[in-house]
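Remember, predicted model here, so these are calculated numbers, not experimental data.
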Amino acid sequence: MPAVTVENPLALPRVAAPADAVARPVLAVTTAPSGFEGEGFPVRRAFAGINYRHLDPFIMMDQMGEVEYAPGEPKGTPWHPHRGFETVTYIIDGVFDHQDSNGGGGTITNGDTQWMTAGSGLLHIEAPPESLVMSGGLFHGLQLWVNLPAKDKMMAPRYQDIRGGNVQLLTSPDGGALLRVIAGELDGHQGPGVTHTPITMIHATLAPGAEVTLPWREDFNGLAYVLAGRGTVGAERRPVQVGQTAVFGAGGSLTVRADEKQDSRTPDLEVVLLGGQPIREPMAHYGPFVMNTREELQQAFEDFQKGRLGSVPAVHGMTGSGPQD
């Protein structure tokens, strides 16, 4: 799980919550069910079973892989529509191509993030490049959906391609944790992702036995999803492991700790930390559309069916057809 690493974390800026910060309790730990997306790549549904009041402004998150493909096996998603939210695709291992009906797109690989603001709507496709399909190889990533407030749902679509080398790198006071700030702010350090809804997104790697207590905005929610390894969350040290999500309650700091012993395949604890300012608006969500009312959902389907969200380019490097989630 390379993403972005450094040889000496102690050369990085160090962050820690102030001693008087109120520790966030752990309200729940849930286990993500497994399934398949698109043309058949394996996913874990990280937020399944969590009440939306604890997720807002986040809608869903899938861990894609970790899977070692044989030649000919890599799969993606066919062309599909989106409206009313943002998709954040973070590639930890492997390569993914993306393309949309507005002419946007590109290639993301180890540690890169593609941030797509669907806004008023477009058609989109994600797939491994032909070279990866031919060779096979390791693939691992995340896709996060972030809601847009009503005032921004019909804004013009926008892309941000965030290269791994541009993320803000930080560490804990003892250097035991590497913190990659992809979007938002942590202790005055700003990540590169520009968001419409105020959020923080961090990929943290903790060495065995390492612990980190981070300052956390009190007006944000708090979530921790375990990509790999084992550890504990909260001052109460609730156990967590790969495929589990911890939901934090109110407070000014959150704590994550890696177990002293990890397995040989997963030497460190890998965690995605998410916080966001709740939008607190009605949400109508069905398939690839996230709006505020049922009528807006019906309009989105009508616009898609009548081709108002765009059309699949006549010449492109990816194949597939039909709407998907």
What class does the angle between the rings of [X] and [Y] fall in, given that below 30° is parallel, 30 to 60° is tilted and above 60° is perpendicular?
X	Y	answer
Phe139	Tyr69	tilted
Phe289	Phe301	perpendicular
Phe58	Phe47	tilted

What verdict does the side-chain contact (heavy atoms from CB on, under 4.5 Å) test give for Glu66 and Glu270, after you've listed the backbone C-alpha separation in whole Å, the side-chain angles of each residue and the deciding distance to 0.1 Å? CA-CA 13 Å; Glu66 184 175 2; Glu270 304 281 351; over 6 Å; no

Could you check whether any side-chain heavy atom of [X] comes within less than 4.5 Å of a side-chain heavy atom of [Y], counting everything from C-beta outward?
X	Y	result
Asn147	Tyr52	yes
Pro57	Asn221	yes
Arg44	Val242	yes
Leu223	Val247	yes
Leu274	Ile199	no
Leu227	Leu142	yes
Pro157	Ser120	yes
Met291	Arg83	yes

Just by distance, with hydrogens left out, do Gln143 and Asp62 show a side-chain donor and acceptor under 3.5 Å apart? no

Give the minimum heavy-atom separation between [X] and [Y], together with the two atoms involved.
X	Y	result
Pro13	Leu169	CD-O, 3.7 Å
Val4	Gly164	CG2-O, 3.3 Å
Gly175	Pro9	O-CB, 3.7 Å
Ala204	Leu273	CB-CD1, 4.5 Å
Ala224	Phe248	CB-CE1, 3.8 Å
Ala235	Ala23	CB-CB, 4.4 Å

Out of curiosity, [X] [atom1] to [Y] [atom2], how far, rounded to the nearest 0.5 Å?
X	Y	atom1	atom2	value
Leu148	Met154	CG	CE	11.5 Å
Arg158	Asn102	CZ	CG	14.0 Å
Asp100	Leu122	CG	CG	5.0 Å
Arg237	Thr232	CZ	OG1	5.5 Å
Ile162	Trp115	CD1	CH2	6.0 Å
Leu12	Leu179	CG	CG	9.0 Å

Identified side-chain contact (heavy atoms from CB on, under 4.5 Å) counterpart of Asp268 within the set Leu206, Leu178, Thr205: Thr205

Please, which pairs that meet salt bridge (Lys or Arg N to Asp or Glu O under 4.0 Å) have at least one residue in residues 248-258, sequence neighbours excluded? Glu211-Arg257, Arg257-Glu260

For residues 279-294, the salt bridge (Lys or Arg N to Asp or Glu O under 4.0 Å) pairs (sequence neighbours left out) are none

Contacts of [X] that satisfy salt bridge (charged side-chain N to carboxylate O under 4.0 Å, His left out) - sequence neighbours left out:
X	answer
Arg14	none
Asp259	Arg230
Arg163	Asp112
Asp161	none

Taking the ring centre of each residue, are Trp145 and His82 less than 6.0 Å apart? yes

Mind checking who shares a hydrophobic cluster with Val194, ILVMFWY linked at side-chain heavy-atom distances under 4.5 Å? none

Quick one: name the residues clustered hydrophobically with Val95, using the 4.5 Å side-chain heavy-atom rule over I, L, V, M, F, W, Y, and just say none if it's on its own. none

Suppose the criterion is side-chain hydrogen bond (donor to acceptor under 3.5 Å, both in side chains): which pairs have a residue in residues 21-33, not counting sequence neighbours? Thr31-Gln244

side-chain hydrogen bond (donor to acceptor under 3.5 Å, both in side chains) test vs Glu302 passes for just one of Gln298, Gln305, Lys306, namely Lys306

Do you reckon [X] sits in the same ILVMFWY cluster as [Y], going by side-chain contacts under 4.5 Å, direct or chained?
X	Y	result
Leu254	Leu170	yes
Ile59	Val272	yes
Val146	Ile50	yes
Met201	Met116	no
Val67	Ile91	yes

Before giving the answer on side-chain contact (heavy atoms from CB on, under 4.5 Å), spell out for Met155 and His196 the whole-Å C-alpha distance, their side-chain angles and the decisive distance to 0.1 Å. CA-CA 11 Å; Met155 68 176 292; His196 292 280; 3.3 Å; yes

Is there a donor-acceptor pair under 3.5 Å between the side chain of His140 and the backbone N or O of Gly94? no

Where do Val312 and Leu123 land on the side-chain contact (heavy atoms from CB on, under 4.5 Å) test, with the steps shown first? CA-CA 7 Å; Val312 175; Leu123 304 182; 4.2 Å; yes

Thr200/Arg217 under side-chain contact (heavy atoms from CB on, under 4.5 Å): CA gap, chis, key distance, verdict: CA-CA 9 Å; Thr200 295; Arg217 279 180 52 167; 5.7 Å; no

For a ring-ring contact (aromatic ring centres under 6.0 Å, His included) check, start with the C-alpha distance between His285 and Phe85, then their side-chain angles and the critical distance, and finish with the verdict. CA-CA 10 Å; His285 172 204; Phe85 63 102; 7.4 Å; no

Over 12 non-hydrogen atoms of neighbours within 6.0 angstrom of CE in Met134: no

Please identify each residue that fulfils ring pair (Phe, Tyr, Trp, His ring centres under 6.0 Å) with Tyr90, with sequence neighbours left out. His203

Who pairs with Glu236 by side chain to side chain contact (heavy atoms under 4.5 Å, CB included), at least two apart in sequence or on another chain? Pro25, Val26, Arg238

Non-neighbouring partners of Thr213 that pass side-chain hydrogen bond (donor to acceptor under 3.5 Å, both in side chains), sequence neighbours left out: Thr255

